[in-house]
Amino acid sequence: MDNNKNSFLDGLNEAQSLAVNHHTGPLLVVAGAGSGKTRALTYRIANLIAVKKVDPGEILAVTFTNKAALEMKERLEILMADILSISQFGQPWKTLPFVEQRQLRKRIYENITKELWIGTFHALFARLLRFDIEKFKDPEGLRWTKQFSIYDESDAQTLIKEIITQDLQMDPKRFEPKKVRWAISNAKNQGLLPKDLEENAEGQRGKLIGQVYQLYRKSLAANNALDFDDLLLFPVQLLQQNQDVRSYWHKRFRHILVDEYQDTNWTQYELLKLLITNGINPVSFNDWDNRSIFVVGDADQSIYSFRAADFRILMGFQKDFGDKGREDNTSTMVKLEENYRSTSNILEAANSLISNNTERIEKVLLATRSEGELITLTRCDDEIHEAEALVLRMRKLEAENESLNWRDIAVLYRTNAQSRAIEESLVRWGVPYVVVGGLRFYDRREIKDVLAYLRLLINPSDSVSLLRILNVPKRGIGKTTIQRISDASTQLGIPLWDLISDEEAVRSLGGRSAKGLIQFCELINLLMRNLNTSKPSELIQLILEKSGYLSHLIANATDESEERRRNLQELVNAALQFEEESEDFNVETFLASAALASDADSKDTASDRITLMTLHSSKGLEFPVVWLVGMEQGLFPSYRSLDTPASLEEERRLCYVGLTRAKERLYLSHANERRMWGGMREPALPSLFLSEIPENLLQGDIGLISGAALRREKRLDRLTRLDRNSTNRSLNSFNIASNAVRKKHSGPTPGKSWKVGDKLIHSNFGLGEITHTFGSGEKISIAVKFAGMGPKILDPRLAPIEPLGKD
DNA sequence: TCCAAGAGACTTTTT
DNA sequence: GTCTCTTGGA
């Protein structure tokens, strides 16, 4: 019977099993890339619940992204379903009748997943603050309520810029808001208050920053808002100062698990300690009865020190928690060193690269897979050649491997800006792709506008949100009026909303804009009346209609406003999805999830497209085929890291992360020169990291990708495609696209008549559809909508386009 | 008050 | 090259 119950643990290797079965006390799991650490985490939670009979509500699991949290819940549900199904029905969950599958899963959700606290540090502690922020005693007497808004980086910067220009009357060009924000963030991460900063400041500048910090805190309080740093700092201070609150959460969370432990910072570490030992120094903490802290990480993959992460926290775990033993698999450390992900060639390259770092826990990744292909290194003339060469290779690879899908391929780069050249080539050759990162969905202007409406409804003190939407859409409220009322509000010390919801005040202050202001108040009041009775999605819809935002966009009728409308529709969908996924949804929880969502969270894995992203975003992911581009000195490693050894080591870890994402094939490339922005081409040397990969693992076509070689490859690509298409492979729309693009070299087609709805292929933009025609006969112009961009007006006699038959 | 055109900054990585 | 902010005119 017992054996049966534990059978889900059978597939684990020895080290994994040690980690999963660890019951109480501290444990550090040093887990190399691809060694099954997510598996260890998930199985451990399942083991705690199913075997050790831990109440799910006593488990706190910290992940690095929201997406990782969702995935972990999902995996856990399936695992638990299997365990229960086998113990109850004697058969795996998937073999149950569909109805019973669903019932069981629902039961697990209700009794287990829903009770667990799984999420990022920020999401989890924002949640904790929703309970207890009103018990927080601020050292300067400021107050917040549980309706607090969460300000993102740009909100924070807006506030700081305002303080610099308005309160301090300084020139934001000489005293840059961004740098000041950064300095304040650093101070917060060290737990420093404005007065600490002012007292210890060296020189005028430090004093000024202290002043801004002081005013910034006041301003946040006036808006009843917290920034990202506060979401961690406030809980630390709250747990330090209030013993009741601390004991409550200490008793509640008996088992804490932390993923990506190498990227925690000192504030986060402080939080963990407060919770797990109830504020007692961990070395002397003895009450490990039915209590554990389980952290998983890899010092070699620490890549967030710019965000105050410090992998020495990981290195010090054993010392801090009282086990002096530093040998393998002591009572507080287990090493997972067997890699199940990559071929041994890829691993050898990664191991060899990372051995150049000095600050490490000694660890090698042991291969479990065969040698595999050699790593391909390509030197190109410039970034355009690099992009073209990459796309051609990719197409060749896809054409030659029946089982390889576009979604199996990822292109990784150091900086977001590098995606552009690659995107252009992908569009030109009709390869479907998705870019992760760059502009976050929730950072788009129209989305932020609507969220600002929601924030104001929840938290009327939030003047930053109010000012954002006061005249959006246009209500005839201008700069002068806004200046006047916000001056009045600061002078009187009352929130903006209180001021403008007083009709008399508005009439005397508003002047010509009074009408617009009153109209705005009526709108907000109407929305507020619907706040408690509407779901988030309904409220968003109501905002869009009643505010005139939607009709404004419709009236505008440009491509841009069309795009905005689509995004807003997408926001409604996101809200609907949120309502489906979470049990206790309301506007507040929806806003919190929007504020803390990252772009990587929304990456949909369903559609078959290649993925483009920064090396940082790639952490935790894996792909059969990986391209690492821009391997040049000054770009990767970044020029800012070249003269500090510690930063250079971090860049090397970043490279290590990149290499170890690849399962089967790895391609590296660098260019001889690169256009940095707009104008100047800059010559570039191959990255130092390339020289740290043993030559025998590389197959080079160094020097091959010159202009002439590229043309030769393009001819070859055409031949392969022709060959392939003339055989029996079915033609999806994508293949048609590439097929027709190939013909582009025959030039434009004369004498063709064009009409709305016709599909065509453009040699640069790919597949498009005609949305309008202007003029007639020889002089006709056409407006064409291509995927991923606004319509282009083209002259069909000149443009490199080909008509496409109806499909 | 609103809009269009021009200047200027931007490139490290993000919860 | 592209996004944001400022400026000046209607």
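All heavy atoms count here, side chains included; hydrogens, waters and symmetry mates do not. In this text the structure is predicted, and so the values were computed from the model without any measurement. The sequence lines fix the lettering, A, B, ..., with proteins before strands; numbering per chain opens at 1.
- For the pair Phe311(A) CZ and dT13(B) C1', the computed distance is 17 Å after rounding to whole Å.
- The 5' end of DNA chain B is approached more closely, in terms of each residue's nearest nucleotide, by Thr480(A) than by the other of Thr480(A) and Leu654(A).
- The nucleotide whose nearest atom lies closest to any side-chain atom of Arg420(A) is, among dT13(B), dT11(B), dT15(B), dT11(B).
- What separates CG of Asn189(A) from P of dT14(B) is a distance of 17 Å, to the nearest Å.
- The Ala417(A) side chain lies nearest to dT11(B) when the options are dT13(B), dT15(B), dT11(B).
- The distance between the ring centers of Phe689(A) and Tyr656(A) does not fall below 6.0 angstrom.
- In this structure, of dT6(C), dT15(B), dC2(B), it is dC2(B) that holds the atom nearest to the side chain of Asn471(A).
- For dT14(B), the OP1/OP2 oxygens have a side-chain nitrogen or oxygen of Asn416(A) closer than 4.0 Å.
- Note on Asp227(A) versus Lys188(A): salt bridge recorded, some NZ/NE/NH1/NH2 to OD/OE distance being below 4.0 Å.
- Applying the 5.5 angstrom centroid cut-off and the 30 degree plane-angle cut-off, the aromatic ring of Phe306(A) is not stacked upon the base of dT14(B).
- Here the C1' atom of nucleotide dT13(B) and the CZ atom of Arg307(A) are 10 Å apart, to the nearest Å.
- Using bins of under 30°, 30° to 60° and over 60° for the plane-to-plane angle, the ring pair Tyr261(A)/Tyr269(A) lands in the perpendicular bin.
- Applying the salt bridge (charged side-chain N to carboxylate O under 4.0 Å, His left out) test between Glu446(A) and each of Arg565(A), Arg564(A), Arg566(A) identifies Arg564(A) as the sole match.
- Protein atom CZ of Arg181(A) is 12 Å distant from nucleotide atom C1' of dT14(B), rounded to whole Å.
- Dashed line: the shortest gap from a side-chain N or O of Thr65(A) to OP1 or OP2 of dT15(B) is not under 4.0 Å.
- Set against dT15(B), dT1(B), dC10(B), the side chain of Glu176(A) has dC10(B) as its closest nucleotide.
- If you measure from atom CZ of Phe234(A) to atom P of dT15(B), you get 21 Å, rounded to the nearest angstrom.
- Considering only the side chain of Thr614(A), dT13(B) comes nearest among dC2(B), dT13(B), dT15(B).
- Going from atom CG of Asn66(A) over to atom P of dT14(B) covers 15 Å, rounded to whole Å.
- Counting any heavy atom pair closer than 4.0 Å across all strands shown, Glu153(A) reaches a base atom.
- dT6(C) and dT11(B) have their C1' atoms separated by 23 Å, given to the nearest Å.
- Taking 4.0 Å as the cut-off between side-chain N and carboxylate O, Arg653(A) and Glu650(A) count as a salt-bridged pair.
- A donor-acceptor contact shorter than 3.5 Å is absent between the side chain of Gln157(A) and the backbone of Pro177(A).
- The interatomic distance linking Asp230(A) (CG) with dT15(B) (P) rounds to 18 Å, in whole Å.
- Considering only side-chain N and O atoms, Ser617(A) lies nowhere under 4.0 angstrom from the phosphate OP1 or OP2 of dT13(B).
- Summary of the strand contacts: Thr481(A) and Tyr639(A) both lie near DNA chain B, and taking for each the nucleotide with the nearest heavy atom, the more 5' one is attributed to Thr481(A).
- For Lys178(A), no side-chain nitrogen or oxygen approaches OP1 or OP2 of dT4(C) to under 4.0 Å.
- The His122(A) side chain lies nearest to dT15(B) when the options are dT15(B), dC2(B), dT11(B).
- Each of dT7(C), dC2(B), dT15(B) was ranked by its minimum atom distance to the side chain of Lys474(A); first place goes to dC2(B).
- Counting any heavy atom pair closer than 4.0 Å across all strands shown, Tyr304(A) reaches sugar-phosphate atoms only and no base atom.
- We find that NZ of Lys161(A) is positioned 7 Å from C1' of dC5(C), with the value rounded to whole Å.
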